[in-house]
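The structure appears right after this line, and notes come after that.
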Amino acid sequence: MGNESNEIRLGFETAYIDGNVVSNLAYRPQFVSNNHKEGKKVLSSIEDELLSCDQFQISVAFITMSGITPLLQTLKELEKKNIPGQILTTNYLNFSEPRALEKLNSLSNITLKMYDVEAAEEGFHTKGYIFKKEEVYRIIIGSSNITSAALTSNREWNTKLVSTELGEMAKDIVAEFKELWTSQYSLDFDDFYELYEERYEIIKHQREAAKQEEITSLEKYKLQPNSMQVGFINNLKKIISAGEERALLISATGTGKTYASAFAMRELGFNRVLFLVHRGQLARQTKKSYERVFAKTKSMGLVGAGYDDYDADYVFATVQTLNRDEHLLKYDADEFDCIVLDDYEIIGLSQEAA
């Protein structure tokens with residue numbers, strides 16, 4: 001310990017007092033960045049530290065498949081050596097890729113958690129890599145998430161700190177990580193993955209729909225499902241997979257049942273849908289909500305009150321209108337993939353469900 005402390009002191013002198021002082025690079029604080037002209041990559045620094053540590057902890061806001069792919073060989077070597085690692089990420093902006101999270105979780109030596117920024121009601125944008133070997137910490141903190149660009153090509157600024165486990169800086173950083181890791185808002189993989197994956201796909205589809213317009217609508221681009229809507233869609237998929245033809249959504253006023261149904265219809269891939277309400281004004285409002293979700297991917301139409309869009313992919317009408325033969329007989333018994341009754345929030349998969 002005494003020798004390492006001396007090496008660290010000498011490294012500090014080189015880094016912070018006089019760059020001409022000769023010291024061991026392994027004990028020297030460094031500026032870590034990507035610089036293609038000099039052949040420098042943040043990725044290389046992280047790989048070097050992973051290969052020489054006894055344990056590691058990582059806290060980053062974003063993780064993508066392109067970010068972990070170049071690290072996989074190194075991580076698998078650590079798995080063989082049973083070097084333990086804790087990785088904490090977040091659902092901030094729903095940016096992290098589910099496939100990447102699943103891949104990391106599949107490694108037996110890694111424990112992965114997700115910090116729920118919605119439940120915590122606070123942002124989470126950390127980028128820190130903590131490596132420990134015996135009694136010495138090497139910690140990289142800065143701007144790099146685990147994405148390909150952040151680790152290899154972006155202009156990223158990071159600092160590598162070197163400290164004994166008794167050093168104040170290391171103690172503070174490790175304590176902060178522990179606080180986040182053990183927080184009630186840090187969810188285990190099995191507790192967050194299913195719903196996070198569902199929401200990720202819904203938001204991905206929503207952005208794709210928004211981009212199909214000549215002038216991308218920011219309103220549509222930013223439209224994202226809330227927790228109730230994601231849970232409903234996930235449960236509805238399970239109900240349909242079990243062969244059921246009816247489902248009931250019960251939720252308080254203002255929680256977003258209309259958008260829940262729109263997201264569900266899109267994610268389930270229904271081509272023709274009938275949406276029944278009890279007032280004409282609701283039919284028009286519901287049609288606008290669906291248009292925000294689908295953009296131009298499906299045609300939307302009204303039936304009744306002077307409208308006769310019978311052939312639209314998605315038809316919005318009142319129960320009173322469809323009770324009349326002049327409208328009802330326009331459709332075969334199996335015309336629609338799904339019928340939604342707004343009065344009772346009943347979703348059916350055939351006309352029998354109406």
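Just so we're clear, the structure is a prediction, and the values are computed from it rather than from any experiment.
Cluster partners of L10, by chain and number: V21. The rule joins Ile, Leu, Val, Met, Phe, Trp and Tyr whenever side-chain heavy atoms lie under 4.5 Å apart. Summarising the hydrophobic clusters (Ile, Leu, Val, Met, Phe, Trp, Tyr; side-chain heavy atoms under 4.5 Å, direct or chained), the residues clustered with L329 are none.
Residues satisfying the side chain to side chain contact (heavy atoms under 4.5 Å, CB included) criterion with I141, sequence neighbours excluded, are I139, I173. Residues meeting the side chain to side chain contact (heavy atoms under 4.5 Å, CB included) test with D48, sequence neighbours left out: none. Listed by chain and residue number, nothing satisfies the side chain to side chain donor-acceptor pair (under 3.5 Å) test with E77 (two or more places apart in sequence, or in another chain). For Q320, the side chain to side chain contact (heavy atoms under 4.5 Å, CB included) partners are T318, not counting sequence neighbours. Shown here are the ring-ring contact (aromatic ring centres under 6.0 Å, His included) partners of F177, two or more places apart in sequence or in another chain: W181. Qualifying ring-ring contact (aromatic ring centres under 6.0 Å, His included) partners for F263, counting only residues two or more places apart in sequence or in other chains: none. Under the side chain to side chain contact (heavy atoms under 4.5 Å, CB included) criterion, S66 pairs with T64, S148, sequence neighbours left out.
By the 4.5 Å heavy-atom criterion applied to side chains, V315 and Y331 are counted as neighbours. The closest side-chain heavy-atom distance from R266 to I202 is below 4.5 Å.
Cluster membership check: V32 shares its hydrophobic cluster with F131, using side-chain heavy-atom separations under 4.5 Å among Ile, Leu, Val, Met, Phe, Trp and Tyr. One hydrophobic cluster, built from ILVMFWY side chains closer than 4.5 Å, cannot hold both V230 and F192; they sit in different ones. Both L93 and Y185 are members of a single hydrophobic cluster when ILVMFWY side chains are connected at heavy-atom separations under 4.5 Å. Linking Ile, Leu, Val, Met, Phe, Trp and Tyr residues whenever their side-chain heavy atoms come within less than 4.5 Å places L107 and L43 in a single cluster.
Residue pairs satisfying the side chain to side chain donor-acceptor pair (under 3.5 Å) criterion with at least one member in residues 307-316, sequence neighbours excluded, are listed as follows: S299-D313, Y310-H327. Listed by first and then second residue, the ring pair (Phe, Tyr, Trp, His ring centres under 6.0 Å) pairs involving residues 46-91 are F62-F95, F62-H125 (not counting sequence neighbours). A side chain to side chain donor-acceptor pair (under 3.5 Å) check over residues 30-47, counting only residues at least two apart or in different chains, returns the pairs Q30-K160.
Contact detail for M65 and E97: the closest heavy-atom pair is N-OE1, 3.0 Å. Between T14 and V22, the closest heavy-atom pair is OG1-C, 4.2 Å. In plain terms, the two heavy atoms of A260 and I233 that are nearest each other are O-CG1, 4.1 Å.
More than 12 non-hydrogen atoms from other residues, nucleotides or ligands lie less than 6.0 angstrom from NZ of K132. Within a 6.0 Å radius of CD in E121, other residues, nucleotides and ligands contribute 12 heavy atoms or fewer. By the neighbour-count criterion of 12 heavy atoms within 6.0 Å, atom NZ of K237 is densely surrounded, having more than that number from other residues, nucleotides or ligands.
Between E291 and K287 there is a salt bridge, since a side-chain N of the basic residue sits under 4.0 Å from a carboxylate O of the acidic one. Using a 4.0 Å cut-off between charged nitrogen and carboxylate oxygen, E4 and K133 do not count as a salt-bridge pair.
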field: Intermediate values then yes/no, side chain to side chain donor-acceptor pair (under 3.5 Å), S96 and Y200
entry: CA-CA 8 Å; S96 290; Y200 179 89; over 6 Å; no

- request: Determine, stepwise, if the pair F124 / T89 fulfils side-chain contact (heavy atoms from CB on, under 4.5 Å).
  value: CA-CA 9 Å; F124 188 118; T89 188; over 6 Å; no

query: Would L341 and V319 count as a side-chain contact (heavy atoms from CB on, under 4.5 Å) if you check the C-alpha gap in whole Å, the side-chain angles of each, and the deciding distance to 0.1 Å?
result: CA-CA 9 Å; L341 279 79; V319 174; 5.6 Å; no

- prompt: Can L151 and L71 be said to form a side-chain contact (heavy atoms from CB on, under 4.5 Å), step by step?
  reply: CA-CA 10 Å; L151 296 181; L71 287 169; 4.2 Å; yes

field: Stepwise side-chain contact (heavy atoms from CB on, under 4.5 Å) check, E168 with S163
entry: CA-CA 8 Å; E168 183 179 58; S163 171; over 6 Å; no

message: Would E326 and R324 count as a salt bridge (Lys or Arg N to Asp or Glu O under 4.0 Å) here? Give the steps.
response: CA-CA 6 Å; E326 62 184 286; R324 298 201 294 271; 3.6 Å; yes

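A tilted orientation is assigned to the rings of F12 and Y16, their planes being inclined by 30° to 60°.
In the model, E135 has no side-chain atom that pairs as donor or acceptor with a side-chain atom of T164 under 3.5 Å. A donor and an acceptor atom, one from each side chain of N271 and K298, are located under 3.5 Å apart.
For the side-chain contact (heavy atoms from CB on, under 4.5 Å) with Y115, the lone residue among T90, T126, L187 that qualifies is T90.
Atom CD1 of I239 sits about 10.0 Å away from atom OG of S241, to the nearest 0.5 Å. A distance of 12.0 Å separates NZ of K257 from OG of S289, quoted to the nearest 0.5 Å.
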